[in-house]
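Data block below; observations after.
By convention in this document, chain letters (A, B, ...) are assigned in the order of the sequence lines, proteins followed by strands, and residues within each chain are numbered from 1.
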2 protein chains.
Amino acid sequence: MLLLIEGNGGGLVSSSPLKRETMSVQIAAILRRDILTGELSPNAQVVESALALRLGVSRGPLREAMRQLIEEGLLITVPYTGTRVVDISVRDINEIYAMRTCIEIFAFEQIWTRRSEDFKAELIKRNQALKHAIDQADHVAAIEAELDLHGLAYEHANNRILLNTWTGLRGHLQMYWASHHRAHGTTGPKRESHDDYVRFALGESLTAMQDELRDHMRRGLETTITFVETCSGASA
Amino acid sequence: MLLLIEGNGGGLVSSSPLKRETMSVQIAAILRRDILTGELSPNAQVVESALALRLGVSRGPLREAMRQLIEEGLLITVPYTGTRVVDISVRDINEIYAMRTCIEIFAFEQIWTRRSEDFKAELIKRNQALKHAIDQADHVAAIEAELDLHGLAYEHANNRILLNTWTGLRGHLQMYWASHHRAHGTTGPKRESHDDYVRFALGESLTAMQDELRDHMRRGLETTITFVETCSGASA
DNA sequence: CGATTAAAGATTGTCAACAATCTTTGTCGG
DNA sequence: CCGACAAAGATTGTTGACAATCTTTAATCG
């Protein structure tokens, strides 16, 4: 029943540099990572006592971490019966993509007139990182790279609420894609999928970029929905 | 050390119809209400043990409720030192209004072609409720009525993520206005402030409504910022 | 008198045991 | 064989005590 930070003996927590964080925060990070990478499948049951034992902590901090993930929409709990990883439906995907289109257009509106050289360089760099991950056939990394690429606009929009909203959407998307990749071997994004995105984002016309965004999202939604209906095991 | 539900003897919880909810959910509701109505002022310290004693519960469920409000952005906690009600800054207000403009335009885009008679009637009804609250000089009710009026579009947009985002913004706005009303006696919205909003929302042109929205938000932001700088006690 | 350090206080973090609730299983009667 | 009921199991909900950490205060030394 020993702790997992001190001395890093448990080997469960990933390389904490001796700094002290409360356990519930560490646990939340571990759980979130496991859900987002698909290690904990959608709809999988998460039992407090078992998880607490595995992580070497008491149920108290674990419950707090889980409560946070519940609020983030990654876990669902029903009183006195159990907690499960959330299962994302086709309706959710539609809602996510509609919302993405809305806020990413807004993000580019916010940053458009003050796109720095830094921004432009970083955008290109992240697109290259995406291509590199695809070349390595590392689908999980490719998923993250694509989301990181889209994230840049939000990071520069200087609006924490906007960034927060994106982070929530991003989490659900990542989890969805990753779990589908694990379960059905679906591949990640194509190598040139974001070249237009980057080109218009660096260009002169905001209107053109917004049109590209709408198109990009329409295509993305189509692709995502398609490989859902290809595999049968969808949820309600 | 008695419970607060059974028999409703404590008088603290508002008329629970004998149904069983977990305590942390009830506590979260109470806390949220107290924060949103300004009964707990911004920046006020919230001490677990004291609050637990006052509510007649243990610290466990209380902590879970607080953890939820932390995730909602209503409380801020720093490990081992304390928890306070969040203090909304001018920057926050700017971010909120920018985001509001973005998502409310989106909401009307979503509902525009399928505005039902039900929707139109309810919109008019909520505007009348707003006017009624203003006539009664019930500023707290007027704040809620204005937010309820704006909420209708989100409720009909059929996108839970969108509605969720609005709920978050709504909470921060309500808390901000209510606390300022308590502290400095600022009055709520004007009687005719939403007549144009309703008129365009019922009209034919979506573009016209979007323009009205941008204008409405611009005015609202101006008003809110103004009575912030009138009173000195703003935060960082 | 000021600055450093130590002690006291306040507050949150963690734990293990116990209680309440829901679900499943098994049993009994028809 | 089927349905109602009861018991057993599984899981979460709640509690009070104890530990860790931060802040404030007081004392000590220069």
Side-chain angles (χ1 to χ4, degrees), chain A residues 1-7 9-10 12-13 16-31 40 43-71 74-86, chain B residues 1-7 9-10 12-13 16-31 40 43-71 74-86:
Chain A
M1 224 59 75
L2 279 178
L3 309 189
L4 39 76
I5 358 178
E6 323 246 291
L12 275 164
V13 66
S16 63
L18 254 309
K19 95 178 201 195
R20 293 286 188 72
E21 256 178 337
T22 64
M23 289 197 166
S24 59
V25 173
Q26 296 182 59
I27 297 169
I30 294 176
L31 256 179
L40 257 56
N43 216 25
Q45 189 172 15
V46 180
V47 178
E48 291 180 5
S49 49
L51 196 55
L53 191 68
R54 184 161 75 79
L55 262 52
V57 295
S58 179
R59 276 180 55 214
L62 180 71
R63 278 175 66 87
E64 283 185 27
M66 288 174 64
R67 179 57 59 123
Q68 175 154 351
L69 296 189
I70 289 168
E71 182 64 20
L74 296 178
L75 290 179
I76 285 188
T77 184
V78 32
Y80 291 108
T81 58
T83 308
R84 313 186 88 91
V85 178
V86 72
Chain B
M1 219 60 75
L2 279 178
L3 308 190
L4 39 72
I5 355 173
E6 322 249 288
L12 275 165
V13 66
S16 64
L18 252 308
K19 95 180 202 195
R20 293 284 189 72
E21 257 177 338
T22 66
M23 289 197 166
S24 59
V25 173
Q26 296 182 58
I27 296 168
I30 294 176
L31 257 179
L40 258 56
N43 217 25
Q45 189 172 14
V46 180
V47 179
E48 290 180 4
S49 49
L51 195 56
L53 192 67
R54 184 161 76 78
L55 262 53
V57 295
S58 179
R59 274 180 58 216
L62 181 70
R63 279 174 66 87
E64 283 186 25
M66 287 173 65
R67 179 58 59 123
Q68 174 153 353
L69 296 188
I70 289 168
E71 182 65 20
L74 297 178
L75 290 179
I76 285 187
T77 185
V78 33
Y80 292 108
T81 58
T83 308
R84 313 186 88 90
V85 179
V86 72

Which residues pass the salt bridge (charged side-chain N to carboxylate O under 4.0 Å, His left out) test with A:Arg63, not counting sequence neighbours?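 Here the qualifying residues are A:Glu48, B:Glu64.
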Validation row: [X], [Y] side chains within 4.5 angstrom (heavy atoms):
{"X": "A:Asn43", "Y": "A:Val85", "result": "no"}
{"X": "A:Leu40", "Y": "A:Leu31", "result": "yes"}
{"X": "B:Gln68", "Y": "B:Ser24", "result": "no"}
{"X": "A:Thr77", "Y": "A:Met66", "result": "no"}

Quick one: list whatever passes side-chain hydrogen bond (donor to acceptor under 3.5 Å, both in side chains) with A:Arg84, sequence neighbours left out.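 side-chain hydrogen bond (donor to acceptor under 3.5 Å, both in side chains) list for A:Arg84, sorted by chain: empty.
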Between [N] atom [atom2] and [X] atom [atom1], what is the distance in whole Å?
{"X": "B:Leu62", "N": "C:dT12", "atom1": "CG", "atom2": "P", "value": "9 Å"}
{"X": "B:Glu21", "N": "C:dC22", "atom1": "CD", "atom2": "P", "value": "13 Å"}
{"X": "A:Leu55", "N": "C:dC15", "atom1": "CG", "atom2": "C1'", "value": "15 Å"}
{"X": "B:Arg84", "N": "D:dC22", "atom1": "CZ", "atom2": "P", "value": "17 Å"}

Polar pairs (N or O, both sides) under 3.5 Å between protein and nucleotides 9-13 of chain D?
residue : atom : partner : partner atom : Å
D:dT12  : OP1  : A:Val46 : O            : 3.1
D:dT12  : OP2  : A:Glu48 : N            : 3.0
D:dT12  : O3'  : A:Tyr80 : N            : 3.3
D:dG13  : OP2  : A:Arg63 : NH1          : 2.7
D:dG13  : OP2  : A:Arg63 : NH2          : 2.9
D:dG13  : N7   : A:Arg59 : NH2          : 2.8
D:dG13  : O6   : A:Arg59 : NH1          : 2.8

